[in-house]
Amino acid sequence: MTARNVVMICVDQWRGDALSAAGHPVVRTPYLDQLASQGTRFSRAYSATPTCVPARVALMTGQSQERHGRVGYRDGVTFQEAHPVTLPGTLRDAGYQTQAIGKLHVYPERSRIGFDDVRLHDGYLHFARRRQQRDLREVDDYLPWLQSQAGSSPVADYTDNGLNCNSVVARPWDKPEAQHPTNWVVTEAISWLYRRDPTTPFFLYLSFHRPHAPLDPPQWAFDQYVGMPRTDPVVGDWTSAYDEFRNDGAHDTVIGRLDAETHHRAKAGYYGHLSHIDQQVNRFLDTLAEFGLREDTVVLFTSDHGDMLGDHDMYRKGQPYEGSTHVPLLISAPEGPRGQVIDDVVELRDLMPTVLDLAGVPIPETVDGRSLAPHLRGETVSEWREHLHGEHVLLGQSLQWVTDGKRKYVWMSAHGDEQFFDLEADPQETRNLVADPARADEVRRWRQKLLDDLRDREEGYVDAGQLVPGRPVVTELQRPIWSQRHGRAQ
């Protein structure tokens, strides 16, 4: 199955359960549902390092965190030096025209990381804003475009509505919908279709900043959900493990309870972004069809990570729970079964080898993800990964987890707290079964999986066959490793 063109659509902070095709009780995403019906939906797709920077490294390099070394969030790491072999670079070297539009979140911000060209909008990045001292033309193409629009001000900014980029405060977009960053990505993409080189295949990366905060969808999209019934957040029996980190009532809290109205409006703003993106994706795909390109193009839709959205009194991302780690993954290829759902555990690292496989381009030896192309062909895939190891440095500790999409074991490095969840019986992770005598053997087996994954790590999380709490944590490994003992599908 060889495809001529590839469009990869990446959104920021979209939960894996937030598709109507996945059975969400409130969210409606009819156009993404149609995309799923035209190809394959992977129901157990994960982001192993669920914040923007390390997740996007996995996406662009095809590597696990054990190999790329980014196990936490830190800006200012020169991307091309740390990660010289990338998906767009490999495709470019194979003769593809490569274009990125939207969010890259790399440093320096104008690094092309293998793309022929980048039209950039990373959203509000504190690191860039403070360094550029508000002259953002060097690091943002959307802002000068916004300021040039009819009726706009030469000092207009996407922060004019006063919302914070990590805040749960929600309100509708304050400018014409056509000027929203979500629309801008698609407007730029359609413009690029006219300018592309028609003699070469293309790789187009469309990267939306939303549904990441600010929670400012267009009025119609906000209104679509603000009238939904109010529901209390799902809270597990284990949330006291995070009591020392609670910041109840704060607009940018990571751990904490919000008042009912703020929580409800935050969900309306977040869900509104999903419906808005759904329609703009459809706008682009319809245009792609009008150009006569849709039937010859692989389309992938995914996210860098999810959003806790109040589950267990948590917001934002970086946590080891499903709201943060589970992401959507839809792939529509010109050939293969339609409407299939695959339950194997897959991860962002698998997308680079998948795209290269579909494009007929050799997969570099630097890649340790695994191609999903056999799944897309409807083949029976044996010896797939038995489990996935994920982690992230957050709240001054490393939050470690292993899962097969049916069970999950969590270990918190600060004090050695453990959790064990039966995701089949309890998909919302409300019951910690680690102390259940009936689960003792299961817990022991899953703990051993994490021990095996961590035993060579420089932080010293494993000593004498035991997990060791209290070790200093790092956001980048100095000695990234890739263990051959698990093969390429680590």
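Values reported hereafter were calculated over all heavy atoms of this structure, with side chains retained and with hydrogens, waters and symmetry mates removed.
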For the residue pair D160 and K175, establish whether any side-chain heavy-atom pair is separated by less than 4.5 Å. yes

dist Y205:OH -> T98:OG1 (nearest 0.5 Å) comes out at 13.0 Å

Measure the shortest side-chain to side-chain distance between L372 and L329 over non-hydrogen atoms and say whether it is less than 4.5 angstrom. yes

For the pair M308 and Y321, evaluate side chain to side chain contact (heavy atoms under 4.5 Å, CB included) and give the outcome as yes or no after the intermediate values. CA-CA 8 Å; M308 291 303 296; Y321 309 108; 3.8 Å; yes

Using only atom types and a distance under 3.5 Å, with no angle test, would you say the side chain of R110 pairs donor to acceptor with the backbone of E138? yes

Would you indicate whether the side-chain heavy atoms of V53 and Y107 approach each other to under 4.5 Å? no

Counting N and O atoms only, with roles assigned by atom type, does the side chain of T200 sit under 3.5 Å from a partner on the main chain of Y96, one being a donor and the other an acceptor? no

Ring-plane angle category for H121 and Y142, please: parallel below 30°, perpendicular beyond 60°, tilted otherwise. tilted

Could you walk me through whether S20 and V27 pass the side chain to side chain contact (heavy atoms under 4.5 Å, CB included) test, one step at a time? CA-CA 6 Å; S20 40; V27 172; 5.7 Å; no

In H305, K103, K317, the residue satisfying side chain to side chain donor-acceptor pair (under 3.5 Å) with H212 is K317

Scanning both residues in full, the closest heavy-atom pair of V118 with D141 reads O-OD2, 3.7 Å

Side chain to side chain contact (heavy atoms under 4.5 Å, CB included) between E322 and D311: does it pass, once the steps are laid out? CA-CA 10 Å; E322 293 291 284; D311 290 355; over 6 Å; no

What is the distance from atom OG1 of T187 to atom NE2 of H180, rounded to the nearest 0.5 Å? 12.5 Å

For the backbone of D252 and the side chain of R316, can you confirm whether one donor and one acceptor N or O come within less than 3.5 Å of each other? yes

Looking only at side chains, do W220 and E177 share a donor and an acceptor under 3.5 Å apart? yes

What one should report as the nearest heavy-atom pair of T90 and P364 is OG1-CG, 3.9 Å

Just by distance, no angles: are the side chains of T49 and R349 close enough, under 3.5 Å, to form a donor-acceptor pair? no

Going by an N to O cut-off under 4.0 Å, is there a salt bridge joining D17 and R15? yes

Heavy-atom check, side chain of P108 versus side chain of T78, under 4.5 Å: yes

Are F208 and W14 close enough that their ring centres sit under 6.0 Å apart? no

Out of D278, D216, D307, D12, which residue meets the salt bridge (Lys or Arg N to Asp or Glu O under 4.0 Å) rule with R210? D216

Looking just at side-chain N and O atoms, do H83 and Q63 make a donor-acceptor pair shorter than 3.5 Å? no

Within the structure provided, determine whether R4 and P334 are in side-chain contact (heavy-atom separation under 4.5 Å). no

Quick check for you: to the nearest 0.5 Å, what is the distance between S43 atom OG and L19 atom CG? 11.5 Å

Result of checking D350, T40, D344 against H375 for side chain to side chain donor-acceptor pair (under 3.5 Å): D344

Using modelled atom types and a 3.5 Å cut-off, is there a donor and acceptor pairing between side-chain atoms of H264 and backbone atoms of V226? yes

Do you know which of L59, L206, V327 makes side-chain contact (heavy atoms from CB on, under 4.5 Å) with C10? L59

Do you know the tightest heavy-atom contact between Q147 and P154? CD-O, 3.3 Å

So do T61 and R70 actually touch side chain to side chain, heavy atoms under 4.5 Å? no

Would you kindly say whether Q428 and H312 are connected by a side-chain donor-acceptor distance under 3.5 Å? no

At what distance, to the nearest 0.5 angstrom, does CZ of F79 lie from CG of L104? 8.5 Å

Measure from the side-chain N and O atoms of R338 to the backbone N and O of G39, and report whether any donor-acceptor pair falls under 3.5 Å. no

Would you say Q219 has more than 12 foreign heavy atoms packed within less than 6.0 Å of its CD? yes

Under 3.5 Å, is there a donor-acceptor pair between the side chain of D296 and the main chain of L293? no

Between T86 and R112, is there a side-chain donor-acceptor contact under 3.5 Å, judged purely by atom types and distance? no

To the nearest 0.5 Å, how far apart are CG in L35 and OH in Y31? 13.5 Å

Say whether H263 and Y315, considering side chains only, have a donor N or O and an acceptor N or O under 3.5 Å apart. yes

Can you name the nearest heavy-atom pair linking D357 to A373, along with the distance? OD2-CB, 3.4 Å

I'd like to know if R385 pairs up with E347 as an ion pair, taking the criterion as any Lys NZ or Arg NE/NH1/NH2 lying under 4.0 Å from an Asp or Glu carboxylate oxygen. no

Hey, is the main chain of Y73 close enough, under 3.5 Å, to the side chain of T475 for a donor-acceptor pair? no

Tell me whether the count of non-hydrogen atoms from other residues, nucleotides or ligands lying under 6.0 Å of CD in E424 goes above 12. yes

Roughly how far, to the nearest 0.5 Å, is OG of S148 from CG of L143? 10.0 Å

Flag, side chain of S37 to backbone of G339, donor-acceptor distance under 3.5 Å: no

Should the ring pair Y46 and H326 be called parallel, tilted or perpendicular, given that the plane angle runs from 0 to 90° and is split at 30 and 60? tilted

Using only atom types and a distance under 3.5 Å, with no angle test, would you say the side chain of Q149 pairs donor to acceptor with the backbone of W145? yes

Using salt bridge (Lys or Arg N to Asp or Glu O under 4.0 Å) as the criterion, point out the one residue from D304, D122, D75 that pairs with R56. D304

Test: K449 and D404 ion pair at under 4.0 Å: no

Are any non-hydrogen side-chain atoms of Q99 and R196 less than 4.5 angstrom apart? no

Tell me whether Q65 contacts the main-chain N or O of H392 through its side chain, where contact means a donor paired with an acceptor under 3.5 Å. no

Restricting to non-hydrogen atoms, name the atom on W192 and the atom on I101 that form the minimum distance, rounded to 0.1 Å. CB-CD1, 4.4 Å

Ring centroids only, cut at 6.0 angstrom: are H24 and Y271 within range, meaning strictly under it? yes

Validation row: V361, L91 side chains within 4.5 angstrom (heavy atoms): yes

Over all atoms of both residues, closest heavy-atom pair of W173 and Q179: CZ2-O, 3.4 Å

